[in-house]
Each structure stands twice: as structure tokens, then as C-alpha cells.
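So that the names make sense, note that chain A is the first sequence line, chain B the second, and so on, each numbered from 1.
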Amino acid sequence: MDKMKNKPQRLWKKAPLKSAYDAVIIGGGIHGLAAAYFLARDHGMKDVAVIEKRYMGSGGSGRNTCIVRADQRTKENLPMHKEGLALWPELISELDYNLMFVKSGCLNIAHSEDSMNELRLSTLTANYFDLETSLLDAKECKEIMPCLDITDAPYYPVYGGMFHDPGGTVRHDAVVWALAKGASRQGVHIHQLTEVQGIKVQKGQVAGVDTSQGFIKTRKVLNACGGYSPRVTAMINQKLPVTVLQMEAMVTEPLKPFLDVSFVSIEYDVFGSQSLRGEVVTGSNMDPWPTYSSNTTACYLKRQAGYLSDLIPCLKSAKFMRIWAGLTDMTPDMAAIMDGNTPVKGYFLDAGWGYYGFKSGPIAGRYMAQFMASDKRPELLKPYRLSRFKEQHRLGELSTPAYYGPWN
Amino acid sequence: MSFMITCPICGPRSVHEFRFGAEDRGPRPFGKSTTPEILYQHVHERSNAAGPQKELWFHRDGCETWVSILRDTKNDLELPLSGE
């Protein structure tokens with residue numbers, strides 16, 4: 001009977017939609033909720049609303065494959081991802097929520113000399129930033145991932161790999177719920193099923209947001225909509241150098257634990273890990289045309305099954321259980337766009353995160369919160385400004401995920 | 001998502017025979033009035049319409065023709081081009 005007394009508590013409070021807020025965050029995913037949480041916690045901006053069109057984590061935040069790592073290649077990009085990786089254990093204790101962070105390490109597998117060269121570069125950059133990363137030959141890969149086929153039987157035989165020790169997996173739903181709980185406790189209002197329909201601008205300054213529940217007066221807006229961010233920027237007549245592509249992911253039936261490392265194969269375009277439930281969670285590359293649909297394809301299921309069983313022969317008889325798709329907003333240089341006060345004052349943008357927005361969501365939110373509260377761009381966000389494309393200062397990130405994009 | 005694209009030579013074919021070219025952004029800007037700004041807009045900026053969008057596709061595994069179609073990006077279905 002004691003159980004009846006301890007009624008389950010709601011993680012976040014339901015709040016009425018006010019007619020004015022200090023800041024409005026569009027997008028109730030990891031990036032948006034983290035920004036709201038840090039705005040309230042670090043900068044004393046507690047009068048914040050998070051507006052979500054569907055339900056929290058309905059977009060990329062709940063559709064990714066949970067892998068976290070810091071394997072970026074450029075020296076501008078890596079420090080933030082490194083900090084992001086260190087933030088996970090901190091968040092777990094701070095938000096008092098088990099995010100199921102498993103530091104399993106990530107194995108990048110190369111199947112050609114070209115890919116080995118990419119991994120050599122990545123390893124050097126990672127070591128420069130004190131991230132424990134080492135270059136391996138095929139035999140060493142097999143030691144880390146015993147199920148890997150390193151004979152010459154696969155279509156692309158294994159040349160070698162890179163082991164990134166600090167990487168791992170985090171449960172994505174838990175992150176969304178924990179951040180929502182943290183933000184709500186700080187006084188942030190979370191409004192689900194509220195669609196943004198327009199952004200009102202007066203004399204080059206954001207004046208408010210039109211939503212399906214009514215108009216909200218505000219002077220600061222953050223666009224953190226992931227795949228839908230180009231649609232929101234269109235409301236202020238801005239176009240982004242972003243292509244919205246669809247990515248498909250799938251899980252197999254639960255299997256006994258046999259894979260304690262998350263892996264990425266460069267040539268096969270396959271990545272995955274075994275979840276705590278025993279399912280192998282894997283994803284492939286993107287459908288090579290822009291779309292807003294989240295329909296899945298038999299063609300990719302077949303392709304994934306072929307590649308995966310080529311690489312890991314013991315998966316041959318395993319069945320896929322579920323398949324889903326999500327949107328990725330790809331930039332030409334595979335790095336995010338984090339900018340603010342352009343082209344109108346009070347408008348902030350956290351977009352272009354492609355398929356790697358999960359691993360650094362909380363840290364991106366923290367820096368965007370700092371940017372929004374102070375109106376001063378943090379040092380670490382300088383490489384991510386939107387004007388870099390105009391100035392031809394693109395980040396040289398392209399080689400890390402080999403050849404992804406609508407152009408191949 | 002799989003869908004069909006109508007090639008003017010081969011008729012309706014599976015999308016997997018095609019390669020996506022680009023959003024139809026008109027011809028490339030040329031001449032002395034082409035500032036870096038205009039070039040940037042042409043090369044990088046995308047409207048990413050959610051709904052009907054005019055696009056160019058290349059029939060890679062077929063007759064190797066460039067095809068112009070109207071496609072609804074919300075459900076990936078091809079729409080008839082206006083004026084036909």
C-alpha cells in the first residue's frame with residue numbers, strides 16, 4: 001500500500017502560455033531544451049518558453065542512434081565536442097537522472113589506404129587535444145571487436161582502424177526528459193503541440209513569435225529546430241546553406257551481448273552499437289535527395305542487412321525489428337552553424353548539425369545560452385558563424401564522414 | 001522513401017535510377033555584375049521548400065538526360081509541371 005502513497009511525479013510542469021517571455025526557444029529537442037536549461041541556470045533568465053510543434057524529442061533528438069564521441073578533425077571544431085563529451089557525466093549528477101552513459105569507446109574502421117590516411121589525420125588532431133585515440137591495424141581492431149571479419153572475405157576487407165576511447169552511448173530519450181525536468185524546475189515553460197507560424201520583426205529587432213496558440217511578445221528567439229530550421233529561417237526571409245536530407249536507422253532483434261564498442265565503417269557507410277537491451281542499433285547513409293518525409297525504404301533495409309552481415313558475419317541470421325527515419329540538416333563543410341543577431345537583432349540560430357547533433361547537444365545549448373544572455377559571441381563559437389561560407393572560410397571537416405551528401 | 005520520376009525519354013522510372021541534381025535555382029550568374037554575394041547566394045543558399053519544389057535530376061542509370069520535375073518534398077510525390 002506504500003506504493004500508492006508515492007504517486008509518480010511529473011517530470012515537468014504544465015504551464016499556461018503567457019503573452020510575453022524574455023526569450024522564446026523554437027524546438028523542444030536536446031539543443032533547445034539545453035539552451036533553456038542553461039539560460040535559466042547560469043544566466044538568471046528564467047522567463048523562457050520552449051515551443052515545440054509536436055512532442056519533446058519527436059525530431060532528431062529521439063531518432064538518432066545514441067552514439068556520442070569527439071572525432072571531429074579540425075582544430076576549430078574539436079574543442080567544443082571534447083567539452084561536450086565531458087559534460088555528460090556532469091549532467092547525470094546535476095539533473096539527477098540516469099542517462100545510461102556507457103563509455104564503450106568508438107572504433108572507426110577503414111577499408112582502404114585513403115581512409116587510413118583520414119584516420120591518421122583524425123588521430124593526430126585528437127591526440128593534440130589530449131583525447132585518447134589510437135591508430136590500429138586490422139588485428140588490433142579484431143581484438144577490440146571480436147565479431148569483426150578481418151579476412152579477405154568481405155567486399156571491402158579491413159585495412160585498420162582508429163579507436164576513440166572516450167566515446168560511447170547515451171540514452172537519447174532520457175536526455176530529453178532530463179533536460180526538460182531540469183529546465184522546468186528552473187521555471188522554464190515548455191509548450192508542446194505549439195507550432196511557430198511566423199516571427200515578427202520591427203526595425204531590425206525581433207518583436208515576437210506567432211504561434212498556433214497565439215502571439216508571444218519577445219525580444220530573443222532561438223531557432224533550434226534541427227531538420228526544420230530552414231523553414232523557420234524562411235520566416236525572416238533568410239536562406240541557409242543547408243540541405244535537408246533523410247537518414248534511416250534500424251534495430252535488430254535483441255541478441256546476447258557480443259559487441260561492447262560502437263563502430264563506424266567508412267567504406268560501408270554503416271555505423272552501430274549494441275544497446276543495453278541487446279539490440280544492434282545501426283544506421284546507414286542518407287537518402288541522396290532533400291525531403292521532409294520520414295518514410296522508410298525497403299531498399300536501405302536490404303542494403304544495411306547486406307553490408308552489416310558482410311562486416312559482422314555472425315549477424316547473418318539476425319532479423320531487423322524496427323526501422324525509422326529522421327531529418328538531417330547538412331552544411332557543405334559538415335560543421336554546425338551557430339550564430340546570433342544576424343540578419344535581425346535578437347534572432348539566434350543553432351542549426352546545420354546534420355547527423356551529429358546529438359553528441360554535442362548539451363554543450364551547444366550551453367554556449368548558445370551564453371551567447372543569448374550576453375549578446376556577445378563566446379570565443380568557442382567563432383568558427384561556427386554563418387558568414388564563413390560567404391568568406392570562403394569553411395571548416396575542413398569533410399573527410400571524417402567520407403563522401404556523404406546529395407552530390408554523390 | 002522510394003518514388004517514381006518521369007523521364008521524358010524513358011517514362012516513369014524508379015528514383016534509384018536517378019541522381020538528385022539541385023533545386024532549380026535558375027541559370028548561374030555571369031558577367032561583371034556578379035558580385036561574390038550573388039555567387040554565394042547561387043552556390044550555397046537553398047530555399048528548402050516544404051511542399052512543391054522545382055528540381056533537376058539526372059537519369060544516371062538510364063538515358064543520361066537531365067530532367068526537370070516538380071516534387072512535393074513533404075511526401076516525395078512528383079507533381080505535374082505547370083504549363084503541361
With chain B as the partner, which of A:Asp329, A:Thr233, A:Val244 has the greatest number of non-hydrogen pairs under 4.5 Å?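 The option with the most such pairs is A:Val244.
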Can you tell me how far apart OG (B:Ser47) and CG (A:Leu240) are? Round to the nearest 0.5 Å.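 Taking OG in B:Ser47 and CG in A:Leu240, the distance rounds to 11.0 Å.
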Between B:Ala49 and A:Tyr292, what is the shortest heavy-atom contact and its length?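 Looking at all heavy atoms of both residues, the shortest contact is O-CE1, 3.3 Å.
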With no hydrogens and no angle check, is any side-chain donor or acceptor of A:Arg231 less than 3.5 Å from a backbone partner on B:Asn48?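 Pair found, side chain donor or acceptor close to backbone of B:Asn48.
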Is a side-chain N or O of B:Tyr40 found less than 3.5 angstrom from the main chain of A:Glu391, in a donor-acceptor match?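 Here the side-chain-to-backbone pair does not exist.
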Relative to chain A, which segment of B:Gln41 carries a heavy atom at a distance below 4.5 Å: side chain, backbone, both, or neither?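 When you check distances to chain A, no heavy atom of B:Gln41 falls under 4.5 Å.
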If we ignore angles and hydrogens, is there a donor and acceptor under 3.5 Å between the side chains of B:Asp76 and A:Thr291?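 A donor-acceptor contact under 3.5 Å links the two side chains.
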Please determine, among B:Glu37, B:Gln53, B:Arg46, the option with the most heavy-atom pairs under 4.5 Å with chain A.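 Answer, by heavy-atom pair count under 4.5 Å with chain A: B:Arg46.
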Counting heavy-atom pairs under 4.5 Å with chain A, which one of B:Gly51, B:Pro36, B:Ala50 comes out on top?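 Max contact count across the listed options: B:Ala50.
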4.5 Å side-chain heavy-atom contact, [X] and [Y]:
X	Y	result
B:Asn75	A:Ser293	no
B:Arg19	A:Pro288	no
A:Arg394	B:His44	yes

Do the ring planes of B:Phe3 and A:Trp289 sit parallel (below 30°), tilted (30 to 60°) or perpendicular (above 60°)?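 Aromatic pair B:Phe3/A:Trp289 classed perpendicular.
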